[in-house]
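In what follows, a single structure is set out as structure tokens and then discussed.
In what follows, chains carry the letters A, B, and so on, assigned in the order in which the sequence lines appear, proteins first and then strands, with residues in each chain numbered from 1. Computed from a prediction, not measured in an experiment: that's the story for all the values here.
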Amino acid sequence: MRLRRLSPWAPVCALIALVCCAGADAAGPAIVVAGEPPGAPKDAAVAPAQEIQLPNKANSLKFAVIGDNGNGEQRQYDVAKQMAAWRARFAYELVLMMGDNIYGSERPQDFVQKFEEPYKPLLDAGVKFYASLGNHDAREQRYYKYYNMDGKLYYSFKAPKEDVRFFALESTYPEPQQIEWFRKELEGSNEKWKICFWHHPLYSSARTHGSETRLRATLEPLLIKNNVSLVLNGHDHVYERIKPQNGIAYFVVGSSGQLREGDLRKGSPLTAKGLDTDNAFMLMEIDGDDLTFVAIDRQGKVFDSGVIKRREPPK
Amino acid sequence: MLGVVISLALVTCASATSQKDRANPNAAAIAEFMKRVEEYVALHKKLESTIPSLPKEASPQQIDQHQRALGRLIEQARASAKRGDIFAPAMERIARKLLSDIFRGPGGAQMKREVFEEYGQRNIVPTVNGRYPDEVPLSTVPPGVLAGLPKLPEALEYRFVGTNLILLDPHAHIIADFIARAIP
């Protein structure tokens with residue numbers, strides 16, 4: 001997580017990044033050149049040409065993504081520790097949760113052990129978590145103050161910076177009433193960036209669950225029609241960046257506490273990049289029409305990154 | 001399996017005319033089940049209205065206290081409730097048939113693994129009005145099961161505890177009724 005000075009190859013690398021990730025079904029990481037964030041150490045090393053970093057601009061929207069995290073085990077704590085360490089250099093203000101927020105019992109002490117304690121440095125710093133509910137989550141979590149769900153199973157909110165709206169769905173019981181709400185909410189949104197998150201992945205190469213094709217048939221037409229740029233899910237306990245589907249970027253981030261080693265199907269045509277040997281979380285940054293992402297493992301090492309261009313409305 | 005799912009879905013949606021009852025032999029049983037569900041939900045709502053509402057930014061303690069307070073009220077009001085009060089025998093037969101078709105059909109073994117993935121080696125027998133066992137993670141309910149069973153109001157949901165199909169009251173975190181060993 002060292003921060004780097006801008007490489008003299010910066011313009012070239014930035015161009016490559018856009019070509020690699022924007023719209024094309026490119027496998028492999030895109031290359032992003034690190035900007036120098038405020039307060040970066042003056043002796044920071046020069047980034048190698050292949051170094052992948054976040055722009056870390058002063059007024060961009062920065063957020064983290066975790067999923068299937070709430071087991072209260074060492075792995076969750078390890079990931080949480082890395083999240084806090086990264087935040088010292090990349091001051092994200094939101095965390096999106098992909099569900100399965102609390103595994104097993106949900107007594108008051110479980111909320112402490114499986115959420116408040118591991119993420120205490122973030123909560124103390126005022127980072128706001130926005131949860132979606134997974135299949136193992138009790139619906140009453142929607143009232144939990146730190147999940148910011150406003151007592152709702154599904155909701156949307158405008159990001160504090162940039163022109164972004166997030167939409168959180170409850171995918172265990174995707175009732176027609178919710179789907180209708182989602183359609184209206186998408187149609188009524190004028191934000192440039194529409195980012196959706198929920199638990200069950202429409203696309204996944206994991207053996208245990210895999211793609212939720214029934215849900216895909218219901219939701220995907222709405223995503224395409226309404227110009228959604230990015231969909232984030234969990235459920236499968238792996239990290240997977242899906243090759244863009246109909247112009248939409250999809251990620252499975254279901255290993256921020258849980259991990260199902262070896263669960264990704266090797267050679268899946270869906271996979272742009274996967275990790276099923278360690279836990280992971282993501283950091284994202286939106287600056288204008290670009291979203292830069294990095295995926296980070298339990299040791300704090302970036303293993304995937306790239307740039308997503310926001311989808312343009314159909315002309 | 002698909003046939004069963006479609007037929008049940010049709011029954012749920014269709015108006016209960018005698019002609020359709022003849023065409024769909026499950027209609028009467030499902031209608032009776034839904035009547036019992038509605039009676040339960042009416043009681044749930046009546047009792048829930050007597051305790052303070054949960055704030056939208058509640059602490060875990062407030063959530064827990066609310067669940068337990070509502071659970072106690074329901075338990076008192078249904079003190080004589082027993083297994084089968086909501087899942088009447090006819091509805092139980094329909095549900096068992098559906099689950100048998102699904103879990104013994106294509107992909108059934110995988111679905112079973114998903115249902116049991118967080119259950120482990122436990123052997124828990126649910127009880128009517130009993131609190132959902134704290135040590136058991138809420139189970140996955142496969143979409144095919146949800147599509148096949150009658151749609152429930154928000155105050156109740158289908159879950160599994162081991163092989164038992166339960167009706168969970170998520171606000172009170174108690175088991176309203178269950179079908180024992182429903183998964184073959």
Side-chain angles (χ1 to χ4, degrees), chain A residues 68 70-71 99-116 133-153 155 170-178 199-200 207-210 212-218 235-237 258 260, chain B residues 5 9 13 48 52-68 70-71 107 110-111 113-120 122 131-147 149 151-160 168-174:
Chain A
D68 301 71
N71 58 14
D100 285 359
N101 310 312
I102 306 279
Y103 281 93
S105 56
E106 301 194 13
R107 300 161 300 177
Q109 60 266 42
D110 294 302
F111 282 83
V112 174
Q113 185 208 348
K114 299 168 187 176
F115 181 75
E116 293 176 16
L133 299 184
N135 52 307
H136 296 305
D137 291 320
R139 292 184 178 194
E140 302 311 273
Q141 286 183 22
R142 70 186 131 152
Y143 295 107
Y144 179 40
K145 58 183 174 184
Y146 286 133
Y147 287 173
N148 290 296
M149 299 175 74
D150 197 29
K152 295 170 185 164
L153 294 169
Y155 60 100
E170 197 283 312
S171 58
T172 302
Y173 298 94
E175 306 287 4
Q177 187 183 350
Q178 178 185 181
H199 189 60
H200 297 81
R207 288 185 182 87
T208 299
H209 299 299
E212 294 284 344
T213 53
R214 191 190 295 249
L215 193 61
R216 188 198 300 170
T218 302
H235 197 40
D236 275 313
H237 299 164
Q258 298 284 73
R260 199 166 275 126
Chain B
V5 171
C13 297
E48 194 165 29
S53 303
L54 265 178
K56 288 178 178 176
E57 294 190 340
S59 68
Q61 286 78 11
Q62 286 173 307
I63 295 171
D64 190 63
Q65 284 162 8
H66 185 270
Q67 283 179 348
R68 290 179 191 273
L70 180 58
Q110 170 66 18
M111 275 188 266
R113 277 195 294 277
E114 290 181 24
V115 169
F116 290 123
E117 70 171 337
E118 307 291 343
Y119 186 68
R122 302 175 178 93
R131 183 170 165 84
Y132 181 91
D134 278 327
E135 66 274 30
V136 180
L138 289 171
S139 70
T140 289
V141 182
V145 173
L146 290 175
L149 290 168
K151 183 178 174 306
L152 294 173
E154 195 265 336
L156 282 173
E157 59 189 41
Y158 300 108
R159 294 280 182 175
F160 291 103
L168 176 69
D169 181 330
H171 298 194
H173 217 55
I174 61 169

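For A:Q177, no part lies near chain B; criterion is any non-hydrogen pair under 4.5 Å. B:P55 touches chain A through its backbone: at least one of N, CA, C or O sits under 4.5 Å from a heavy atom, while the side chain does not. Contact annotation for B:T140: both backbone and side-chain heavy atoms come within less than 4.5 Å of a heavy atom of chain A. B:Q110 touches chain A through its side chain: at least one heavy atom from C-beta onward sits under 4.5 Å away, while N, CA, C and O do not. Both the backbone and the side chain of A:R142 come within contact range of chain B, with heavy atoms under 4.5 Å apart. Within the 4.5 angstrom heavy-atom criterion, no atom of A:D110 approaches chain B. In this structure, chain B has a heavy atom under 4.5 Å from the side chain of A:E212, while its backbone stays farther away. If you measure heavy-atom distances from A:H200 to chain B, you find no contacts under 4.5 Å at all.
With no hydrogens or angles considered, no side-chain donor-acceptor pair links A:D68 and A:H235 at under 3.5 Å. A donor-acceptor pair shorter than 3.5 Å cannot be found between the side chains of A:Q258 and A:D100.
Highest contact tally toward chain B, considering only A:R107, A:E116, A:E106, A:M149, is held by A:R107 [criterion: heavy-atom pairs under 4.5 Å]. Here A:P108 is the residue among A:P174, A:G104, A:S105, A:P108 with the most heavy-atom pairs under 4.5 Å with chain B. Ranked by heavy-atom pairs under 4.5 Å with chain B, the first of A:Y103, A:F111, A:Y173 is A:Y173. Ranked by non-hydrogen atom pairs under 4.5 Å with chain B, the options A:H136, A:H209, A:K145 are led by A:H136.
Other residues, nucleotides and ligands contribute at most 12 non-hydrogen atoms within 6.0 Å of the CD atom of B:E57.
Looking only at distances, a side-chain donor or acceptor of A:D137 sits under 3.5 Å from a matching main-chain atom of A:I102.
Under the 4.0 Å criterion applied to side-chain N and carboxylate O atoms, B:D169 and B:R159 are not assigned as salt-bridge partners. A salt bridge links B:E157 with A:R139: the distance from a Lys NZ or Arg NE/NH1/NH2 to an Asp or Glu carboxylate oxygen falls below 4.0 Å.
Remark: aromatic rings of A:Y144 and A:F115 are close, center separation under 6.0 Å.
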Determine whether B:Q67 and A:E140 satisfy the following criterion, side-chain hydrogen bond (donor to acceptor under 3.5 Å, both in side chains), listing intermediate values before the conclusion.
CA-CA 9 Å; B:Q67 283 179 348; A:E140 302 311 273; 5.3 Å; no
